[in-house]
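For the numbers below, each heavy atom of this structure counts, side chains included, while hydrogens, waters and symmetry mates do not.
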Amino acid sequence: MGKLIRMDLYRMLKSRSFLICLLLAFALALGMAPFGRLLFTLARSFSAEVRDMGMSEASLATLLTNPFPLVNLMLALLSLCWFFYADVENGYIKNIAGQMPMKGFTILSRFIAAAVHNLLFAAVGIIGNLIGTMLVQRFEMDASVLETVRVLVLKLLLVQSISAALLLVVSTFRSKSFGMILAVLFGLSLTPLLYMGINEGLRQLFGPETDISKYMPDTVMEEHPLDTLKALATAVGWSAVLLVPAVRIFDRKDVK
């Protein structure tokens with residue numbers, strides 16, 4: 001299992017799609033604050049109301065607890081889709097799975113590799129955002145170390161549960177296109193439209209107050225303040241619910 005994880009990590013880190021998405025994520029994070037400063041300057045030149053306003057200091061806590069600024073979450077999830085599907089697309093999944101006592105171990109290995117993948121994207125997003133902000137703004141030193149770590153860990157766990165959904169769709173059911181659609185929906189916060197349709201159907205069975213969006217990882221991740229117990233329950237619960245069938249179904253199906 002250890003060798004399989006190392007192989008997946010090596011394959012992921014050498015992937016061109018991973019490197020391109022990571023570079024784009026850094027560039028977007030780096031340019032976010034300067035671009036915001038440019039828009040503010042333009043607004044001051046055209047608006048009398050804005051002209052007398054000063055640009056507020058950047059909140060360090062906000063920067064450190066926003067590991068996926070702009071569309072970086074979408075880039076990370078798209079990168080995962082390409083990684084999850086690479087062994088099927090390149091035709092060597094049968095050789096890999098055939099060496100394992102359980103073919104499902106390959107799913108577990110990719111899930112663990114996805115945690116490293118998400119951590120790298122989070123680090124790139126934070127570092128790029130910090131550097132870009134330092135170029136154009138002052139920091140407001142309002143960050144609590146423990147609170148920052150708490151929020152970051154919870155957000156990474158929630159993103160990991162989204163990764164489990166992509167793993168089930170892309171690796172187990174081998175639907176790269178559907179996985180990429182989900183990556184875009186999750187990454188651009190478009191899932192409320194999806195949840196709205198699901199809620200309409202469920203309310204016919206469970207009552208008018210039914211709302212699954214309250215317990216979905218991407219929705220919980222946007223809550224402020226982020227509740228520790230709710231975030232943990234959501235992340236662990238969805239990871240288990242999605243990962244277990246992903247492993248079992250993959251283990252029982254023929255690998256071609």
Rounded to the nearest 0.5 Å, what separation is found between the [atom1] atom of [X] and the [atom2] atom of [Y]?
X: Phe84; Y: Lys176; atom1: CZ; atom2: NZ; answer: 13.0 Å
X: Glu200; Y: Thr210; atom1: CD; atom2: OG1; answer: 10.0 Å
X: Ser79; Y: Asn118; atom1: OG; atom2: CG; answer: 9.0 Å
X: Arg150; Y: Leu226; atom1: CZ; atom2: CG; answer: 5.5 Å
X: Ser171; Y: Leu166; atom1: OG; atom2: CG; answer: 9.5 Å
X: Gln160; Y: Ile112; atom1: CD; atom2: CD1; answer: 9.5 Å

Does the side chain of [Y] come within less than 4.5 Å of [X]'s, by heavy atoms?
X: Ile162; Y: Leu80; value: no
X: Phe121; Y: Leu22; value: yes
X: Pro67; Y: Leu152; value: yes
X: Leu63; Y: Ile126; value: no
X: Leu167; Y: Thr172; value: no

Closest non-hydrogen atom pair between [X] and [Y], with its separation:
X: Ala25; Y: Val124; result: C-CG1, 4.0 Å
X: Lys230; Y: Lys214; result: CE-O, 3.0 Å
X: Ala183; Y: Met74; result: O-CG, 4.0 Å
X: Ala235; Y: Ser161; result: O-CB, 3.5 Å
X: Met12; Y: Val116; result: CE-CG1, 4.5 Å
X: Leu154; Y: Thr228; result: CD1-CA, 3.8 Å

According to a hydrophobic-cluster definition based on side-chain heavy atoms being under 4.5 Å apart (Ile, Leu, Val, Met, Phe, Trp, Tyr only), do [X] and [Y] belong together?
X: Leu23; Y: Ile131; answer: no
X: Leu4; Y: Tyr10; answer: no
X: Val220; Y: Tyr215; answer: no
X: Val244; Y: Trp238; answer: no
X: Phe111; Y: Val236; answer: no

With salt bridge (Lys or Arg N to Asp or Glu O under 4.0 Å) as the criterion, how do Asp8 and Arg11 come out once you've worked through the C-alpha distance, each side chain's angles and the decisive distance to 0.1 Å?
CA-CA 5 Å; Asp8 277 331; Arg11 186 165 59 86; 2.7 Å; yes
For Val170, which of Tyr85, Trp82, Phe178, Phe83 qualifies under side-chain contact (heavy atoms from CB on, under 4.5 Å)?
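Exactly one pass, corresponding to Tyr85.
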Intermediate values then yes/no, side chain to side chain contact (heavy atoms under 4.5 Å, CB included), Thr191 and Met216
CA-CA 10 Å; Thr191 49; Met216 302 304 288; over 6 Å; no
For Ser213, is there any backbone N or O sitting under 3.5 Å from a side-chain donor or acceptor partner on Thr219?
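Here the side-chain-to-backbone pair exists.
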Kindly say whether Thr62 contributes a backbone atom to a donor-acceptor pair with the side chain of Asn66 at under 3.5 angstrom?
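Such a contact is absent between Asn66 side chain and Thr62 backbone.
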Walk me through whether Leu243 and Leu108 qualify under side chain to side chain contact (heavy atoms under 4.5 Å, CB included).
CA-CA 8 Å; Leu243 190 60; Leu108 288 175; 4.0 Å; yes
Looking at Arg248, I'd like to know if its CZ atom is crowded, meaning that more than 12 non-hydrogen atoms belonging to other residues, nucleotides or ligands lie closer than 6.0 Å.
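Atom CZ in Arg248 is not packed in, count stays at 12 or less.
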List the steps, then state whether side chain to side chain contact (heavy atoms under 4.5 Å, CB included) holds for Asp218 with Leu73.
CA-CA 10 Å; Asp218 58 316; Leu73 180 58; 5.9 Å; no
